[in-house]
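Sequence lines set the chain letters: A, B, ... in the order given, protein chains first and strands last, and positions in each chain run from 1. Hydrogens, waters and symmetry mates play no part in the numbers below; they use all other heavy atoms, side chains included.
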Amino acid sequence: MGGVVGDCPVSAGRDGLFIVSAHADNDLSDHRRAKLAAWRARGGVYPNDFRRSHLAAELHERLAERSKEALAKDEVQVSVAGRIMLRRMMGKACFLTIEDVSARIQIYARVDGLEQGAYDDIEGLMDLGDIVGVCGVMMRTMRGELTVQASSIELLSKCLHPLPEKFHGLVDQETRYRARYLDLMMNEASRDVFKLRAKVVSGIRTFFEARDFLEVETPMMQPVASGAAARPFTTHHNALDMPLYLRVAPELYLKRLVVGGFERVFEINRNFRNEGLSTRHNPEFTMLEFYQAYASVDEVMALTTALIHQIAAHTGRRRVTLDGAQIDLSADFDAMSMEEAVCKHTGLSRDDAWNTDALLRTLGSEAPALEEAAPAGKRSAGELLFALFEARVEPNLLTPTYITGYPSEVSPLSRANDDRPEIVDRFELFIGGREIANGFSELNDPDEQLERFRAQEARRAAGDAEAMRIDHDYVRALEYGLPPTGGQGLGIDRLVMLLSGVSTIRDVLLFPLLKPEGGGHGE
RNA sequence: GGGUCGUUAGCUCAGUCGGUAGAGCAACGGGCUUUUAACCCGUGGGCCCUGGGUUCGAGCCCCAGACGACCCA
């Protein structure tokens with residue numbers, strides 16, 4: 001896109017979200033532009049033939065034990081490349097600190113160590129932020145720092161804007177999200193979160209592959225967005241002239257695969273929910289879902305514990321600190337039923353756990369919360385119990401805790417409990433007051449599933465926009481026979497938040513959704 | 001949706017009682033051949049988020065709005 005607003009050239013982000021006026025850097029970028037022009041005049045700009053021999057971290061690792069004297073004798077030839085992060089000019093010599101994907105390394109350049117005139121380029125052509133390639137020999141400075149003594153230094157790519165401040169880095173939250181490349185460039189802590197995230201995802205794959213699960217991809221665009229209580233995004237397919245919905249969950253497709261005979265499947269992918277933004281919610285977020293035939297809710301729970309134990313170990317985060325509280329992710333997880341948890345946290349008597357009046361009274365003590373948690377059409381005992389749970393218990397579940405015995409009304413895809421029809425064989429795992437995982441024995445009786453869908457439809461008719469939609473094709477798949485199955489969904493973003501100790505989902509998403517800058521719609 | 005706080009130089013931040021804008025880093029010029037957030041001397045740089053209002057005068061007070069952060073629902 002890009003375009004012109006008044007007389008002010010803009011480089012619009014793809015959505016016009018991040019507008020940088022040409023004047024934004026004042027004369028700072030003019031100097032850089034002038035250097036680019038000088039570089040162009042010389043020819044051979046933006047080359048792609050520089051090859052490096054080592055990453056910075058490799059050099060630090062391999063030469064850690066090598067003394068100043070030993071290095072001076074050995075003359076280890078290297079070529080390195082990266083972004084200039086620091087520069088210390090000292091007349092006829094200078095030090096640069098460059099950074100590549102692995103680490104930083106110092107460069108030492110002196111007039112008499114480079115080809116004729118080459119030293120002047122460091123001042124005349126290069127700036128902080130530029131990408132350079134350096135050839136030279138390894139040395140140690142008087143202070144002992146491992147350094148590349150340059151025999152040549154070449155500009156590979158120009159940075160036309162000034163970098164954020166070298167010491168404090170980039171702090172402004174909004175800019176960190178809107179210009180993530182700057183955040184990543186400047187903030188190691190931010191890079192670490194996303195490295196951790198990748199490790200979590202790869203750890204999950206390893207876990208399931210070791211257990212003979214098949215990784216699959218199911219539709220993002222669905223004719224019926226079902227499988228979760230959430231509002232979908234709507235789109236339209238032109239050729240077929242039909243509405244399509246971005247999925248709110250992959251669940252019903254994954255279970256179709258189990259019907260088809262893939263007895264163990266998992267998917268790690270995006271879900272989309274048309275809801276507000278908060279420190280815990282982004283419209284698109286990443287879920288793990290897995291399904292295992294001939295497993296019950298108890299086995300799914302055990303598998304979930306094993307998974308989190310393994311990920312915590314794999315990422316070296318067996319213990320995490322959350323809001324000052326120590327959480328041990330390597331210990332056994334607590335478990336209690338929902339009615340037990342609600343009674344414990346609200347003082348409700350156990351005999352009244354399914355008594356609508358008593359539940360309403362208890363909820364009523366949070367009067368403002370009532371309409372939100374349990375609107376008029378949504379006040380069966382099970383729904384009220386669930387509303388109480390969400391309002392009064394959930395935030396207090398800091399240490400890993402499984403809650404079991406969910407009311408049937410709020411669990412339209414879960415198998416009913418054999419002894420107590422009002423609850424289902426379902427659990428959710430809470431850590432740090434947040435829901436991390438949700439699993440159950442799958443409802444595989446097609447007739448009961450259709451009934452549950454119809455109950456949801458009735459609720460939708462009564463005004464509940466989040467009620468689950470009927471997926472008739474899914475019911476038909478169930479009619480072919482879904483084996484007894486257990487399954488689970490786990491929020492990857494929240495797990496990464498937990499492991500990395502950040503408190504907002506935006507810090508674990510590379511490009512979180514933000515309101516357009518300036519309040520307008522992107523062009 | 002409600003409340004609180006924030007938005008000042010490219011970045012990180014000060015800004016007194018309402019009296020016309022400051023520092024460090026970055027930039028530019030000069031000095032400096034082992035520095036390391038290099039240092040020393042000098043220079044330039046502002047839509048004080050936007051729009052109204054009060055006032056002789058607003059970065060500062062009032063109103064509305066935008067965006068962000070945090071809390072509540």
Would you mind pulling out the nucleotide paired to B:G68, Watson-Crick or G-U wobble, both distances under 3.5 Å?
-> B:C5
Rounding to a whole Å, what distance do you find between A:Asp172:CG and B:C67:P?
-> 15 Å
Can you tell me how far C1' of B:A38 sits from CZ of A:Arg87, to the nearest Å?
-> 13 Å
What integer distance in Å separates A:Met85:CE from B:C25:P?
-> 18 Å
Please check if atom CZ in A:Arg231 has more than 12 non-hydrogen atoms from other residues, nucleotides or ligands closer than 6.0 Å.
-> no
P gap between B:G22 and B:C63, integer Å = 30 Å
Regarding the side chain of A:Glu165, the nearest nucleotide among B:C11, B:U34, B:A27 is B:C11
Salt bridge (Lys or Arg N to Asp or Glu O under 4.0 Å) partners of A:Glu340, counting only residues at least two apart | none
Given the C1' atoms of B:A9 and B:G59, what is the spacing between them in whole Å?
-> 14 Å
Opposite nucleotide pairing with B:U55, Watson-Crick or G-U, both atom distances under 3.5 Å | none
Which sits closer to the 5' end of RNA chain B, A:Gln149 or A:Asp127, going by the nucleotide each is nearest to?
-> A:Asp127
Crowded around A:Asp112 CG? As in, over 12 foreign heavy atoms under 6.0 Å?
-> yes
In whole Å, what separates the P atom of B:G18 from that of B:A58?
-> 14 Å
In Watson-Crick or G-U wobble terms, both distances under 3.5 Å, what is the partner of B:C60?
-> none
B:A26 pairs with, by Watson-Crick or G-U criteria that keep both distances under 3.5 Å = none
What nucleotide among B:A26, B:A37, B:C70 has an atom nearest to a side-chain atom of A:Leu86?
-> B:A37
With sequence neighbours excluded, what pairs up with A:Glu394 under the salt bridge (Lys or Arg N to Asp or Glu O under 4.0 Å) test?
-> none
Consider the side chain of A:His168, meaning its heavy atoms from C-beta on, and name the nucleotide among B:G68, B:U12, B:U36 that approaches it most closely.
-> B:U12
Give A:Thr97 one of three labels, base, sugar-phosphate or nothing, depending on what nucleic acid heavy atoms sit under 4.0 Å from its own.
-> nothing
Between A:Leu277 (CG) and B:A69 (C1'), how many Å, whole number?
-> 14 Å
Which part of the nucleic acid, if any, lies within reach of A:Gly169 when heavy atoms closer than 4.0 Å are counted: base, sugar-phosphate only, or nothing?
-> sugar-phosphate
Cut-off 3.5 Å, side chains only: do A:Asn187 and A:Ser190 have a donor facing an acceptor?
-> no
Rounding to the closest angstrom, what is the interatomic distance between B:G57 and B:C39 at atom P?
-> 45 Å
Donor-acceptor pair (no angle test) under 3.5 Å: A:Glu145 side chain, B:U35 base = no
Considering only atom C1', compute the distance from B:A38 to B:G24 and round it to an integer number of Å.
-> 15 Å
Whom does B:A73 pair with, Watson-Crick or G-U wobble, provided both distances fall under 3.5 Å?
-> none
With a non-hydrogen cut-off below 4.0 angstrom, is A:Leu163 in contact with a base, only sugar-phosphate, or nothing?
-> nothing
Take atom CD of A:Glu123 and atom P of B:A38, then tell me their distance rounded to the nearest Å.
-> 15 Å
When the distance from CD1 of A:Ile98 to C1' of B:U36 is rounded to whole Å, what number comes out?
-> 15 Å
Would one find a side-chain N or O of A:Lys515 under 4.0 angstrom from OP1 or OP2 of B:G65?
-> no
Could you measure between the two P atoms, the one in B:U8 and the one in B:G51, and give it in whole Å?
-> 15 Å
Does any non-hydrogen side-chain atom of A:Gln106 lie less than 4.5 Å from one of A:Leu146?
-> no
Under-4.0 Å side-chain N/O to phosphate OP1/OP2 contact, A:Lys166 with B:A38 | yes
From the list B:C32, B:U33, B:C70, which nucleotide is the closest neighbour of the side chain of A:Met89?
-> B:C32
Against the side chain of A:Gln173, the closest entry in B:A69, B:U33, B:C11 is B:A69
Could you tell me whether A:Arg104 contacts a base, only the sugar-phosphate backbone, or nothing, with contacts defined as non-hydrogen atoms closer than 4.0 Å?
-> nothing
Along RNA chain B (nearest heavy atom to each residue), the more 5'-positioned of A:Gln106 and A:Pro164 | A:Pro164
If we take the C1' atom in both B:C60 and B:U16, what is their distance in whole Å?
-> 11 Å
Let me know the distance between OH of A:Tyr108 and C1' of B:A38, rounded to the nearest Å.
-> 13 Å
Can you check whether A:Lys344 reaches A:Val342 side chain to side chain, under 4.5 Å on heavy atoms?
-> no
So does A:Arg88 get a side-chain nitrogen or oxygen closer than 4.0 Å to the phosphate oxygens (OP1/OP2) of B:A38?
-> yes
N/O (side chain, A:Arg143) to phosphate O (OP1/OP2, B:U36) under 4.0 Å | yes
Nearest-Å distance for atom pair CE/C1', residues A:Met138 and B:U34 = 15 Å
Select one nucleotide: of B:U34, B:G68, B:C11, the one nearest the side-chain heavy atoms of A:Met142.
-> B:U34
Rounded distance in Å between the P positions of B:G46 and B:G19 = 22 Å
For the student: nearest non-hydrogen atoms of A:Leu155 and A:Lys158, plus distance = CD2-CD, 4.0 Å
